[in-house]
Structure formats: C-alpha cells, structure tokens
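Please read the structure below before turning to the comments.
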Amino acid sequence: MRLDQFSGIVAFVKVAEAKSFTRAAAELGVAPASLSEAVKGLEERLGVRLLNRTTRSVGLTEAGAQYLDHVRPAAEDIRAAGAALREARDRPAGTLRLSLPWIAAPLLIEPLMRPFMDAYPEVRLSLIFDDSFVDIAAEGFDAGLRIGELLDKDMIGARLGGPLQMVVVGSPDYLARNGTPKRPADLAAHRCIAFALTRAISPWEFIVEGREVAFTPDACLVVNTLPLCITAAEQGLGLAFAVEGLAAPLLASGALVKVLEPFCPAYEPLHLYYPSRRLVPPKLRAFIDFVRANAHKLRI
C-alpha cells in the first residue's frame, strides 16, 4: 500500500459518512476540491468506483459499501487513537522512563518519589540506575539525568539544583586516632575509602594553588556506591571523598567532619537531558517542574 493511500481512505470514510464532500471537507478543515482529489486518487489506485456523485448528492456504489465495511473499523481506531492522544496531550500520564546515576537515588529520587507520585497518580515511574552515559533515544528512555558537563551536545538540558560540592569526610574518632590532613598530599598517610565503577578507582580531584590535582588513593576499602563510602567513613574506617549532599545529615549531627575544605572542588549541577524542545511529554514536563519547585527539599 502506498503511503498516500491512507489519506484517501480517511477522505473516503468521511465523505461516505457525511454523504457530502462539502460537509466532510468542513469537518476535516480542508478544501472540498482536495477531498475530491484524494477520493479520486483512491478509486484510481483500487481500480473501482466507490462513490456515485451528482450535483445534489453523494452515494456509495456496491463496491464502495463493501470497502467501507472493511476500512471503517480501522478508520475508527485511527480516530480514537488521535482523540486519546489529544486528551492525554495536556495531562501527565503514562510511564516516565528515566536513566539515572546512582547518586540521584539519595539526592533526588528518595526525597521526591512519594510526593511526585501522590501529585501525579496517572504517571508510572520506571527508574533505571546506571552511572555510565546512556543513549536515551536508542534505549527507549524519556530522559536521563547526569552531571551537566557530561551532556551530549545535541541534548536539551534542564538544570536541577546547584553545583555539586565535593568534600573529604571522616569520623571524629578516626581523626582523633590518625590526625587531620592539612593538604591533599597528606592523604598518602591516611586510610582512604575509594569509589570505583570498574576496577579503576575514581581519583579524588582537588584545587591546589589554582591547579587541578588528582589523587588516586591506595584504598583500604573500595565500593561502587557513594552512600556506602559515607557509611564506611562514619564507622571510622577511613576518609571518604563524596558529594556533600550525601553526607549532610551526618555532618549536621557531628558523626562526620569535613577536612581539606579549601581544596575541594564543586562540580557542574545535575541536569535532566532529553533530545528535543518540541512537544515535551506532559509527564516529563511535570517531573521537571516538580523537581524545580521542590528544590529546597533536596541536597543538591
């Protein structure tokens, strides 16, 4: 079937139902002549006359009546699908599938998951956590969340929160036993808790005299989740390098203490990224607006 045959089928069904090219054209918002050409083209491709036309009336031929019986259900399905999409166009609904780094779980998802789902009960969340960069279009995601500086150039980014301040933290007990480092170079004499996605340990980055300096710890413990780094530091196992927001409750309670503050950098904010500004789904727009409206409740 040629692609242009679909428009002829829609035109034919509408004219058959309205029994008039003029009324059908008015309902579809097109010129009667365009509708007539579409039906004529369909008849020529099928090799049969579907409609009998006079100056006063339009009626179905026998072949036209048979054809209408076959194609009307499909045309109704197409119309119903369009109506459903138009109805949902302005209402957040359906499954919102997001690709997120693990750090987003405690910083963003855990505080907002319940209130967002309470506010938008027709939206179902599908949250896939993966710290590697994901091609969201190829993998079927509505959007992804990553640190801003890691965004692909062809993606639209919606900033969520402020810069991610990094900290080195340790428990008061650990620091009492092992001393407090004054400069990043002092870390070589300390027990460190490292983060690694693969076998390679992620280096700790510092700003020393205006220059970026990377330190790869000889770790006593290596884990692949930042929250566990924080927990291990709280237990006095060593020093950890992490996003301040993750450690905020323990810092506030005094269970952890920041060290090397003058040397710790701030990273780009988290961004939600998606491939187009046009026709952003209501479910995604609702999520972006909800996160921004509740940013004061987050640790980002």
Side-chain angles (χ1 to χ4, degrees), residues 98-110 127-136 138-139 141 144-155 157 160-161 163-171 174 178 181-248 250 256 258-273 299-300:
L98 302 177
S99 170
L100 308 125
W102 280 103
I103 194 174
L107 289 182
L108 189 148
I109 297 301
E110 290 174 10
L127 308 175
I128 309 301
F129 292 91
D130 185 348
D131 279 319
S132 60
F133 198 83
V134 174
D135 184 338
I136 57 173
E139 298 296 329
F141 289 100
L145 187 74
R146 292 297 183 272
I147 293 174
E149 62 189 8
L150 299 179
L151 295 180
D152 276 352
K153 300 302 182 185
D154 60 347
M155 287 290 165
L160 305 179
L164 299 177
Q165 179 62 51
M166 303 303 294
V167 291
V168 178
V169 295
S171 70
Y174 173 85
N178 297 277
K182 303 300 182 185
R183 298 182 61 81
D186 298 341
L187 291 171
H190 281 265
R191 294 171 62 83
C192 295
I193 302 155
F195 171 77
L197 281 177
T198 60
R199 292 186 178 183
I201 290 174
S202 297
W204 298 10
E205 297 177 342
F206 298 101
I207 305 297
V208 179
E209 297 177 353
R211 295 185 302 109
E212 291 186 1
V213 175
F215 167 75
T216 302
D218 182 13
C220 66
L221 175 64
V222 180
V223 299
N224 69 346
T225 69
L226 286 173
L228 188 54
C229 287
I230 300 297
T231 299
E234 179 196 10
Q235 294 178 2
L237 299 180
L239 300 176
F241 182 73
V243 176
E244 184 173 12
L246 291 176
L250 296 174
L256 286 176
K258 290 187 283 187
V259 299
L260 301 175
E261 286 188 72
F263 305 99
C264 292
Y267 293 153
E268 288 285 320
L270 288 172
H271 282 70
L272 200 72
Y273 66 99
R299 289 177 277 159
I300 57 175

**Message:** Measuring from atom CG of Leu98 to atom CD1 of Ile136, what distance do you get when rounded to the nearest 0.5 angstrom?
**Reply:** 9.5 Å

**Request:** Specify the closest pair of heavy atoms between Cys192 and Pro217, including all atoms of both residues, with the distance to one decimal.
**Result:** CB-CB, 3.6 Å

**Asked** Where is the tightest heavy-atom contact between Leu107 and Gly245, given as atom of each residue plus distance?
**Response** CD2-C, 3.8 Å

**Complete:** Heavy-atom closest pair (Ile193 atom, Trp204 atom, distance to 0.1 Å) is O-CZ2, 3.4 Å

**Asked** Hey, is the main chain of Cys264 close enough, under 3.5 Å, to the side chain of Gln165 for a donor-acceptor pair?
**Response** yes

**Message:** Is there a side chain to side chain contact (heavy atoms under 4.5 Å, CB included) between Leu260 and Leu187? Walk through the geometry before answering.
**Reply:** CA-CA 10 Å; Leu260 301 175; Leu187 291 171; 3.9 Å; yes

**Spacing of SG belonging to Cys229 relative to CG belonging to Leu239, to within rounding of 0.5 Å** = 11.5 Å

**Spacing of Glu205 atom CD and Phe263 atom CZ [to the nearest 0.5 Å]** = 15.5 Å

**Item:** Heavy-atom pair with the smallest gap, counting every atom of Val169 and Lys258
**Value:** CG1-CG, 4.2 Å

**Spacing of Ile128 atom CD1 and Glu139 atom CD [to the nearest 0.5 Å]** = 10.5 Å

**Prompt:** Less than 4.5 Å apart, any side-chain heavy atom of Ile109 and any of Phe129?
**Reply:** yes

**Item:** Over all atoms of both residues, closest heavy-atom pair of Ala247 and Leu256
**Value:** CB-CD1, 4.2 Å

**Message:** Between Leu226 and Trp102, does the side chain to side chain contact (heavy atoms under 4.5 Å, CB included) criterion hold? Intermediate values first, please.
**Reply:** CA-CA 8 Å; Leu226 286 173; Trp102 280 103; over 6 Å; no

**Asked** Applying side-chain hydrogen bond (donor to acceptor under 3.5 Å, both in side chains), which residue pairs with at least one partner in residues 181-194 are found, sequence neighbours left out?
**Response** Tyr174-His190

**Prompt:** Under the side chain to side chain contact (heavy atoms under 4.5 Å, CB included) criterion, do Ile207 and Val213 qualify, and how do the steps go?
**Reply:** CA-CA 6 Å; Ile207 305 297; Val213 175; over 6 Å; no

**Asked** With a 4.5 Å heavy-atom cut-off, do Ser171 and Glu234 have their side chains touching?
**Response** no

**Request:** Measure the spacing between CG of Leu246 and OG1 of Thr225 and express it to the nearest 0.5 Å.
**Result:** 9.5 Å

**Request:** With rounding to the nearest 0.5 Å, note down the distance linking CD1 in Ile103 to CZ in Arg146.
**Result:** 11.5 Å

**Prompt:** Hey, do the aromatic rings of Phe241 and Phe206 have their centres closer than 6.0 Å?
**Reply:** yes

**Fill in**
For Leu145 and Tyr273 the tightest heavy-atom approach is N-CE2, 3.6 Å

